[in-house]
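Presented below is the structure to which this report refers.
Letters go in sequence order (proteins before strands), and every chain restarts at 1.
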There are 2 protein chains.
Amino acid sequence: MGLSQTRATNGHVSRGKPTIIDVAQHAGVSKSLVSLALRGSSGVKPETRQHILNVAQELGYRSNTWARNLAQGRSGMIGILLNDLSSAYHTDIAQGIEAAATTVGLSAILTHGHRDEEALSARLGHMQDLGADGIIVVSAALNPQHLATAAARLPIVVVGRPAAVPDTVGSVWNNDELGARLAVEHLAGLGHTRIAHLSGSPRPASRARLASFHTTMTDLALPEPHQVFHGPHALVHAMGDPATARTAPTAVFASNDRRAAKLHAAALDAGLRIPEDLAIVGYDNTELATLLRPQLTSIDQPRHEMGQRALHMLVDMLGGQPPRRDVVEPRLIARGSTIPNSA
Amino acid sequence: MGLSQTRATNGHVSRGKPTIIDVAQHAGVSKSLVSLALRGSSGVKPETRQHILNVAQELGYRSNTWARNLAQGRSGMIGILLNDLSSAYHTDIAQGIEAAATTVGLSAILTHGHRDEEALSARLGHMQDLGADGIIVVSAALNPQHLATAAARLPIVVVGRPAAVPDTVGSVWNNDELGARLAVEHLAGLGHTRIAHLSGSPRPASRARLASFHTTMTDLALPEPHQVFHGPHALVHAMGDPATARTAPTAVFASNDRRAAKLHAAALDAGLRIPEDLAIVGYDNTELATLLRPQLTSIDQPRHEMGQRALHMLVDMLGGQPPRRDVVEPRLIARGSTIPNSA
DNA sequence: GAACAACTGTGGAACGTTCCACAAATGACA
DNA sequence: TGTCATTTGTGGAACGTTCCACAGTTGTTC
């Protein structure tokens with residue numbers, strides 16, 4: 001009839017990317033059988049399967065993800081939502097998640113929200129639209145309300161201490177109370193009594209560290225007042241001011257490494273010696289801690305392991321199990337910022 | 001007939017997530033009209049549109065991405081492939097891309113390949129399967145071959161100097177030759193003559209910096225041999241060894257900040273003064289540069305802008321324009337690691 | 001008030017898979 | 001050789017959209 005395109009027996013016109021139907025026609029079987037063969041079903045005669053595989057191979061066939069997901073109603077893909085892409089702490093966790101995901105045959109996609117609640121919510125919605133089977137939220141300052149509504153639709157695991165945990169979401173975090181205690185005890189064990197805390201944002205993890213700082217100070221019967229600072233300069237200034245120098249701290253536990261590094265810099269700028277004039281403990285044990293001189297004593301969280309645990313919890317939840325609450329133990333890594341003569 | 005599910009007029013059984021058909025039925029119109037209304041087509045009477053929007057809203061309808069993509073054959077989504085998630089340099093570029101993507105109404109998904117070529121290729125394929133309309137590859141050590149075959153299917157832009165650029169892919173990079181020249185000239189301007197280079201991996205950007213180091217040294221008529229080191233300790237050792245100390249470098253241009261920071265630490269560990277005994281220039285001007293003491297002089301690349309440019313190029317390519325080659329200019333940020341008494 | 005154009009709205013066929021209820025072929029057994 | 005079970009393979013209906021060719025409805029104009 002003078003048709004300009006390749007018209008095959010069945011009325012299917014082949015053009016553009018090869019589809020399962022193209023494979024079927026070239027192999028002389030039905031599309032259903034191709035589908036079965038490609039997915040490794042048992043009810044296909046080995047030789048036919050091999051034949052189909054060959055044809056698919058030489059046609060350069062790749063299954064269309066959209067069509068597959070639409071038909072199956074699932075995607076085999078999980079979403080990772082990071083609060084902040086520029087935080088090494090967050091990205092390390094993400095890598096732990098991905099490594100674990102790969103081993104169980106799930107693929108992962110990543111997004112982040114620039115530490116902004118609005119952006120984070122939008123991203124969360126976007127990942128759902130994209131069809132993630134489950135989502136792991138890393139340390140995100142997400143509205144618990146949003147979290148809960150999302151959790152009603154698909155499994156969600158939060159890594160990092162959430163504000164208020166709806167019990168429909170799983171969670172993995174490190175024992176901030178223990179971490180803060182380790183830091184203070186370490187400093188007290190070195191003879192410090194005027195130990196201050198350099199506190200962070202009002203986020204749950206920081207708050208927990210702050211609270212534990214107080215209770216540990218009390219438990220160790222260290223002298224009141226327990227000083228809490230919010231910026232490195234205020235602290236350094238207090239040490240330099242004759243009016244306050246006598247009561248100024250000799251040691252500081254900072255709520256994270258980045259903050260500790262800023263204090264480290266400010267102290268050196270002020271001509272203070274570390275650790276002789278001021279001992280510093282950070283939190284997170286990021287690479288930064290090993291690049292400063294003296295190196296930074298820090299509380300280590302097993303980030304990679306936390307990511308793995310989160311993924312496994314998510315997999316369990318995908319399998320219908322209820323969410324859990326998983327708390328891992330941090331440990332202290334002693335370095336030169338508290339121990340003299342150790343680099 | 002005793003059916004157990006809500007059976008609607010048309011034979012459509014409503015269950016689970018609401019579909020466009022549910023909206024149509026509740027609004028008393030056809031699914032086609034709902035589709036038109038939701039996508040803001042002009043041929044819909046304003047009141048009906050509003051009515052449909054209301055119904056969709058109260059049903060909590062969200063369009064199914066898979067079905068939409070399948071029907072439209074495009075996704076409105078671009079992929080960002082990072083070489084390494086833990087590099088601040090890479091993630092900053094990614095953020096520039098995303099910011100720009102948001103302004104033009106594209107959404108972006110992120111993946112990365114742990115600096116591993118195999119993993120990177122797999123991710124590239126995965127993003128194509130996922131239906132990205134275009135992909136921006138950030139600094140990835142991807143086989144040019146793979147890049148080319150991918151570029152045959154969809155627009156690709158590479159940020160960072162690629163090994164060999166197939167001219168079917170767009171690219172954005174910083175002028176490494178100029179960057180290296182700025183570094184060497186800065187050090188020479190401060191009176192240094194024995195300037196060494198701390199070189200990086202054999203990747204294109206590092207190689208370009210190395211080459212430009214040599215030509216600039218020659219142009220400035222600085223004494224041979226032009227020393228190149230591959231590890232901080234070799235360099236510090238050379239300075240400490242009486243046999244080589246007399247000819248050892250007094251200044252170093254390192255191929256990136258991280259490497260510079262390690263040298264910085266090694267130098268301090270060896271009791272050297274920075275910049276008096278050893279001046280250091282890094283590359284990338286990451287936050288790390290401002291946290292060290294003394295702070296690190298570094299070559300700044302406009303990472304955010306590079307990301308934006310990459311995205312705009314990709315958008316142009318999606319619109320059918322040919323790929324371009326875009327080179328941006330770096331500048332030197334002078335700090336205490338080269339200038340005495342400046343923190 | 002007939003003819004025609006401009007608006008609004010509709011139904012059904014894609015899109016490329018999977019899933020399900022069957023059909024056809026093969027083999028086993030009496 | 002007929003019966004029945006098992007293995008292989010098939011066709012068509014989903015999945016939830018968009019797109020296209022049309023069908024109704026209004027309004028305008030002579």
Side-chain angles (χ1 to χ4, degrees), chain A residues 5 8-25 27-52 55-56 59-76 128-131, chain B residues 5 8-52 55-56 59-77 128-131:
Chain A
Q5 283 175 310
T9 53
N10 194 13
H12 172 76
V13 178
S14 163
R15 62 184 188 282
K17 286 186 63 174
T19 76
I20 203 173
I21 296 189
D22 295 316
V23 178
Q25 287 176 346
V29 297
S30 72
K31 61 178 180 15
S32 310
L33 193 56
V34 175
S35 177
L36 291 174
L38 291 175
R39 287 177 298 149
S41 151
S42 57
V44 178
K45 189 156 58 172
E47 337 163 18
T48 350
R49 171 204 307 293
Q50 192 53 55
H51 176 221
I52 293 175
V55 171
L59 252 49
Y61 170 76
R62 304 203 66 160
S63 151
N64 179 316
T65 311
W66 299 329
R68 177 161 24 84
N69 292 353
L70 180 59
Q72 288 191 144
R74 34 163 265 115
S75 68
Q128 290 180 66
D129 287 347
L130 239 169
Chain B
Q5 284 175 310
T9 52
N10 194 13
H12 172 75
V13 177
S14 164
R15 61 184 188 281
K17 286 186 63 174
T19 76
I20 204 174
I21 297 190
D22 295 316
V23 177
Q25 288 176 344
H26 280 79
V29 297
S30 74
K31 61 177 180 16
S32 308
L33 193 56
V34 175
S35 176
L36 291 174
L38 291 177
R39 286 178 298 150
S41 150
S42 58
V44 178
K45 189 156 58 171
E47 335 163 18
T48 354
R49 173 206 306 294
Q50 193 52 56
H51 177 220
I52 292 176
V55 171
L59 251 49
Y61 170 77
R62 305 203 65 161
S63 150
N64 179 315
T65 311
W66 299 330
R68 177 162 24 84
N69 291 353
L70 179 59
Q72 289 192 144
R74 35 163 266 114
S75 67
M77 185 181 77
Q128 290 180 67
D129 287 346
L130 239 169

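Using a 4.0 Å heavy-atom distance criterion, B:Arg62 is classed as a sugar-phosphate-only contact. Across all strands, B:Thr48 comes closer than 4.0 Å only to sugar-phosphate atoms, never to a base (heavy-atom distances). Nucleic acid contact for B:Arg49: none, since no nucleic acid atom lies under 4.0 Å from a heavy atom of the residue.
In this structure, A:Trp66 contributes its side chain and B:Asp129 its backbone to no donor-acceptor pair below 3.5 Å. Without hydrogens or angle criteria, A:His51 side chain to A:Glu47 main chain gives no donor-acceptor distance under 3.5 Å.
Looking at heavy atoms from C-beta onward, B:Leu130 lies in side-chain contact with A:Leu130 at the 4.5 angstrom threshold. Here the side chains of A:Tyr61 and A:Leu38 are in contact, with some heavy-atom distance below 4.5 Å.
Whole-Å rounding puts the B:Asp129 CG to C:dT17 P distance at 11 Å. At whole-Å resolution of the value, CG in A:Asn64 and C1' in C:dT17 are 7 Å apart. Between the P atom of C:dC15 and the CD atom of B:Gln72 lies a distance of 15 Å, rounded to the nearest Å. Summarising the geometry, the separation between NZ on A:Lys17 and P on C:dA14 is reported as 21 Å, rounded to the nearest angstrom. Summarising the geometry, the separation between NE2 on A:His51 and C1' on D:dT8 is reported as 16 Å, rounded to the nearest angstrom. For the pair B:Asn69 CG and D:dT18 P, the computed distance is 10 Å after rounding to whole Å. Between the P atom of D:dT26 and the CD atom of B:Glu47 lies a distance of 12 Å, rounded to the nearest Å. What separates NZ of B:Lys45 from P of C:dC7 is a distance of 14 Å, to the nearest Å.
Phosphate contact (OP1/OP2 of D:dT10, side-chain N/O of A:Ser30, threshold under 4.0 Å): present.
Heavy-atom nearest nucleotides on DNA chain C were determined for B:Pro46 and for A:Ala71, and the one closer to the 5' end corresponds to B:Pro46.
Distance check, rounded to the nearest 0.5 Å: OG1 of B:Thr19 to CG of B:Asn64 gives 9.5 Å. A:Ile20 contributes atom CD1, which lies 10.5 Å from atom CZ of A:Arg68 (distance to the nearest 0.5 angstrom).
Contacts with DNA chain C (heavy atom under 4.0 Å) in residues 31-39 of chain A: A:Lys31, A:Ser32, A:Ser35, A:Arg39, listed by number.
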Between A:Ile52 and A:Val55, is the side chain to side chain contact (heavy atoms under 4.5 Å, CB included) condition met? List the steps. CA-CA 5 Å; A:Ile52 293 175; A:Val55 171; 5.8 Å; no

